[in-house]
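Since the structure comes first, as structure tokens, the remarks are kept for the end.
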Amino acid sequence: MDPSLHGSKWRMRVAWVAIALLGWGGCTATPAKAQVRVETVATGVEHPWALAFLPDGRVGPPLGGVPRVDAVGQGGLLDVAVDRDFARNRQLYLCYAEPDPAGQGNATALARAVLAEAADRLQQVRVIFRQRPAIASRLHFGCRIVQSPDGTLYLTLGERYHRMADAQRLDNHLGKVVRVTPDGGVPPDNPFVGRRDALPEIWSYGHRNPQGAVWGPDGRLWLHEHGPQGGDELNRPEPGGNHGWPVVTFGEQYGGGPIGEGTHKPGMVAPLHHWTPSIAPSGMAWLTSDRYGPAWRGSLFIGALRGQRLVRLTLDGTRVAHEEHLLRELRQRIRDVRQGPDGWLYLLTDAADGQLLRLRPPG
């Protein structure tokens, strides 16, 4: 579901956080369930979208050198990822809504930068990918970054809401997942390389608005995306796969009415799981640590905005075997979920006075 269309907490300005959390203390909040207790690590973060962990343990002030951002509607500075070789190259990646220089609206952009030694500003900022075409829209930027073990970057891209039909076309970047190298080049094994009717950056298509993505323990990209009214999806994008939007969906028009041709169609990849009614998923993390005991290890955690909860999925291969909803008593929109280097789970809440939370076992 679209946060801009549901609820009064959405604001035009958003923020991102790039911090290290090892060694931080915190005050304990009221636990939402017996399985965990919630510690508040930081407050006062205005509508944060994402966090990343620096290996040296430092926490710094707001950074200078950030590129110009179009903070309108769902747009803003939306994701941050630290390069796998950060300890050597100090590189990180930003995803954001970029105003179009030609005045044709905005587009999702992916930039590479170097964090200064003093950790106070970004240097050598360079856009390595721009979604095309730019659209006059405040909606559906997607904008989650995942770096695979081979160093290539996957970027999720929304279809900008008004251009949903373009998610089925291969001559644009709307409603796509793209895969590029750290310098913005096209990997030669991308599925559409060499096709004249397709942009070579495209990895998969037929997506609506993916706001969570993570590299899975199976060595594959996993993502989730917002459906319209119902039909939020969990997907594992296949190279060259058509994930159906807007031809097939489990959702319906806002206010009611069918979309497309039903829920399945030959040649289109069905979701692994869907939420109807919508939970408005955002952020996603696999738990690989034993911090919470064996029952939680290997679970997939997903934040929910409209649902105001944390969702834990137990999977049997690609089949969701069990779903558990946590932290509903917090009554907070969960924007991002990450596992820290210390093995704990960290959450960002979407609010004017947003919080960074850490989950601990009870006791």
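Residue numbers run from 1 in the order of the sequence given. Just so it is clear, the values below take in all heavy atoms, side chains as well, and ignore hydrogens, waters and symmetry mates. Just so it is clear, the model here is predicted, and its values are computed rather than measured.
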Any side-chain heavy atom of Leu115 sitting closer than 4.5 Å to one from Leu63? yes
Here the gap from Thr318 atom OG1 to Leu272 atom CG, rounded to the nearest 0.5 Å, amounts to 5.5 Å
For residues 243-250, run the donor-acceptor check on the side chains, cut-off 3.5 Å, and write out each pair with its distance to 0.1 Å, sequence neighbours left out.
from, atom 1, to, atom 2, distance (Å)
Trp245, NE1, Glu159, OE2, 2.9
Thr249, OG1, Gly251, N, 2.9

Stepwise salt bridge (charged side-chain N to carboxylate O under 4.0 Å, His left out) test for Arg130 and Glu98: CA-CA 8 Å; Arg130 287 183 171 93; Glu98 180 187 47; 2.7 Å; yes
Quick note, disulfide (SG to SG under 2.5 Å) partners involving residues 131-228, not counting sequence neighbours, are Cys95-Cys143
Less than 4.5 Å apart, any side-chain heavy atom of Leu122 and any of Val66? yes
Partners meeting side-chain contact (heavy atoms from CB on, under 4.5 Å) with Asp189 (sequence neighbours left out): Arg179, Pro187
For Val125 and Ala113, the nearest pair of non-hydrogen atoms, with its separation, is CG2-CB, 3.8 Å
Hey, could you give me the CZ/CD1 distance between Arg309 and Ile302, rounded to the nearest 0.5 Å? 12.5 Å
Value for CH2 (Trp222) from CE (Met284), rounded to nearest 0.5 Å, stands at 8.5 Å
Leu359 side chain near Trp344 side chain, heavy-atom distance below 4.5 Å: no
Rounded to the nearest 0.5 Å, how far does OG1 of Thr156 lie from CD1 of Ile145? 9.0 Å
Sorted by chain and residue number, the side-chain hydrogen bond (donor to acceptor under 3.5 Å, both in side chains) partners of Tyr292 (sequence neighbours excluded) come out as none
Could you tell me if the side chain of Ser289 sits less than 4.5 Å from the side chain of Gln339, heavy atoms only? yes
In chain order, what residues pass the side-chain hydrogen bond (donor to acceptor under 3.5 Å, both in side chains) check against Glu261, with sequence neighbours excluded? Lys265
Answer yes or no: is there a side-chain heavy-atom contact under 4.5 Å between Asp350 and Leu305? yes
Decide if atom CZ of Arg236 counts as having more than 12 heavy atoms of other residues, nucleotides or ligands within a radius under 6.0 Å. yes
Which pair of heavy atoms, one from Leu223 and one from Pro210, lies closest together, and at what distance? CD1-CB, 4.1 Å
Do Asp336 and Pro48 touch side chain to side chain, with heavy atoms closer than 4.5 Å? no
Mind checking what makes side-chain hydrogen bond (donor to acceptor under 3.5 Å, both in side chains) contact with Thr43, not counting sequence neighbours? none
Determine whether Val180 and Val193 fall in the same hydrophobic cluster, where Ile, Leu, Val, Met, Phe, Trp and Tyr are linked whenever their side-chain heavy atoms lie under 4.5 Å apart. no
Could you go through the salt bridge (charged side-chain N to carboxylate O under 4.0 Å, His left out) check for Glu39 and Arg360 one step at a time? CA-CA 7 Å; Glu39 294 179 341; Arg360 297 272 201 175; 3.2 Å; yes
Would Phe141 and Tyr96 satisfy ring pair (Phe, Tyr, Trp, His ring centres under 6.0 Å), going step by step from the backbone distance to the final call? CA-CA 8 Å; Phe141 293 88; Tyr96 58 99; over 10 Å; no
Quick one: CG on Leu345 to CZ on Phe301, what's the gap to the nearest 0.5 Å? 5.0 Å
Hphob cluster co-occupancy, Val186 + Leu221, side-chain heavy atoms under 4.5 angstrom: no
Is there a path from Leu348 to Val38 through hydrophobic residues (I, L, V, M, F, W, Y) whose side chains come within less than 4.5 Å of each other? yes
Where do Leu51 and Arg338 come nearest, in terms of heavy atoms and distance? O-NH1, 3.0 Å
In plain terms, say whether Arg132 and Asp166 are close enough for a salt bridge, that is, a side-chain N and a carboxylate O under 4.0 Å apart. no
hydrophobic_cluster_shared for Leu155 and Trp203, side chain cutoff 4.5 Å: no
Audit row: Trp215, Tyr154, ring pair (Phe, Tyr, Trp, His ring centres under 6.0 Å) steps and yes/no: CA-CA 10 Å; Trp215 194 256; Tyr154 294 83; 5.7 Å; yes
Would you compute the distance between atom CD1 of Ile135 and atom CZ of Arg160 and round it to the nearest 0.5 angstrom? 6.5 Å
Kindly indicate, with the supporting measurements, whether the criterion salt bridge (charged side-chain N to carboxylate O under 4.0 Å, His left out) is fulfilled by Arg220 and Asp218. CA-CA 6 Å; Arg220 292 281 298 274; Asp218 58 351; 5.8 Å; no
